[in-house]
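Data first, discussion second: the structure below is written as structure tokens.
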Amino acid sequence: IGDTPHVMKLQTDMLAMAMAWDLTRIATFQFGTEANNGTFPWLGLPNWRWHDASHFENNAPSEWPDQLRDAEAWRNVAQWSVGQFGQLVQRMKDLGAFDGMVAMFVTSMNHGGAHKSRNCPVLLAGSAGGALRTGRHIRLPHDKNGGEKTRVFNDLHLTLAQAMGVPLTQFGDPALSTGPITQILK
């Protein structure tokens with residue numbers, strides 16, 4: 001899309017207005033996929049390609065300058081992406097739609113170069129009407145950092161459903177889930 005920032009603003013405005021006017025209570029906004037090769041000319045990266053650059057892990061010293069450039073560009077794109085989430089949250093606040101909601105920003109890859117999908121960062125904004133504890137950073141234990149069992153996204157979805165008053169006891173494959181994430185529930 002030639003004017004992605006403008007289109008992104010229009011889409012986040014529509015989402016915020018739909019929430020504020022109670023046209024919907026649940027929405028998904030996805031900006032690309034892991035394998036997309038979008039470019040970011042508005043960030044000064046007209047030839048930098050999202051997926052190709054995510055594989056900036058190589059031990060060949062001759063490639064290190066390119067890898068450093070890709071890592072810096074990746075950081076700029078990540079900061080821009082999180083900024084878009086921040087604008088969505090601010091728009092929802094401006095329209096009075098924020099107090100009873102929760103918004104989630106997530107990536108499905110922790111490390112694109114190694115295709116690692118565990119220990120992914122998740123950002124939650126809002127308290128789901130007071131059901132969630134806010135203003136904290138939580139690092140959940142998992143089997144790669146000393147924990148007994150890796151927490152899966154199923155647990156997060158179960159926690160959010162319970163915070164919104166949905167009486168679920170499991171979400172997805174029960175063999176993978178360990179239950180709600182009590183550290184974020186009030």
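The residues of the chain are indexed from 1 along the displayed sequence. Heavy-atom basis, side chains included; hydrogens, waters and symmetry copies ignored. Bear in mind that the values here come from a model prediction, so they are computed numbers and not experimental data.
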Open item on the list: Who clusters with Val166? Use side-chain heavy atoms, under 4.5 angstrom, across I, L, V, M, F, W and Y, and order the result by chain and number.
Closed with: Leu158, Leu168, Phe171
TODO: Can you sort out the partners of Glu72 under side chain to side chain donor-acceptor pair (under 3.5 Å), two or more places apart, ordered by chain and number?
DONE: none
Task: With sequence neighbours excluded, residues passing side chain to side chain donor-acceptor pair (under 3.5 Å) with Asp22 - done: Arg25
- [ ] Evaluate the side-chain proximity of Phe29 to Leu88: yes if any heavy-atom separation is below 4.5 Å, no if none is.
- [x] no
- [ ] Grab the two heavy atoms, one from Ser127 and one from Thr134, that are nearest each other, plus how far apart they are.
- [x] CB-CG2, 3.8 Å
Task: Contact check, side chains of Met19 and Met101, non-hydrogen atoms, under 4.5 Å - done: no
Open item on the list: Assess the residue pair Arg133 and Ile184 against the criterion (side chain to side chain contact (heavy atoms under 4.5 Å, CB included)); give the C-alpha distance rounded to whole Å, side-chain angles, the decisive distance to 0.1 Å, and a yes or no.
Closed with: CA-CA 5 Å; Arg133 297 171 63 198; Ile184 63 174; 5.6 Å; no
Task: Contact summary for Ala97 and Ala16, nearest pair of heavy atoms - done: CB-O, 4.4 Å
Task: Heavy-atom donor-acceptor pair, Asp155 side chain to Thr178 backbone, under 3.5 Å - done: yes
- [ ] Any salt bridge (charged side-chain N to carboxylate O under 4.0 Å, His left out) involving residues 10-21? Give me the pairs, sequence neighbours left out, ordered by first then second residue.
- [x] Lys9-Asp13, Asp13-Arg91
- [ ] Write down the atom of Leu132, the atom of Lys186, and the distance for their closest heavy-atom approach.
- [x] O-CE, 3.6 Å
Open item on the list: Please determine whether the number of non-hydrogen atoms from other residues, nucleotides or ligands lying under 6.0 Å from atom CD1 of Ile138 exceeds 12.
Closed with: yes
- [ ] Decide side chain to side chain contact (heavy atoms under 4.5 Å, CB included) for Gln87 and Thr12; before the verdict, give the C-alpha distance in whole Å, the side-chain angles of both, and the deciding distance to 0.1 Å.
- [x] CA-CA 8 Å; Gln87 288 180 19; Thr12 56; 5.6 Å; no
- [ ] Grab the two heavy atoms, one from Val89 and one from Ala103, that are nearest each other, plus how far apart they are.
- [x] CG2-CB, 4.5 Å
Task: Least distance between heavy atoms, Asn154 atom then Asp173 atom - done: ND2-N, 3.3 Å
Open item on the list: Applying side chain to side chain donor-acceptor pair (under 3.5 Å), can you list everything that pairs with Lys93, at least two apart in sequence or on another chain?
Closed with: none
Task: Set of side chain to side chain donor-acceptor pair (under 3.5 Å) partners for Asp99, sequence neighbours left out - done: none
Open item on the list: side chain to side chain contact (heavy atoms under 4.5 Å, CB included) for Thr4 and Phe40? Distances and angles first, verdict last.
Closed with: CA-CA 9 Å; Thr4 298; Phe40 298 81; over 6 Å; no
TODO: Check Leu185 against Gln162 and note the closest heavy-atom contact, atom names and distance.
DONE: CD1-OE1, 4.3 Å
Task: CA sep, side-chain torsions, deciding dist, call: Gln11, Gln84, side chain to side chain contact (heavy atoms under 4.5 Å, CB included) - done: CA-CA 11 Å; Gln11 290 175 328; Gln84 299 309 296; over 6 Å; no
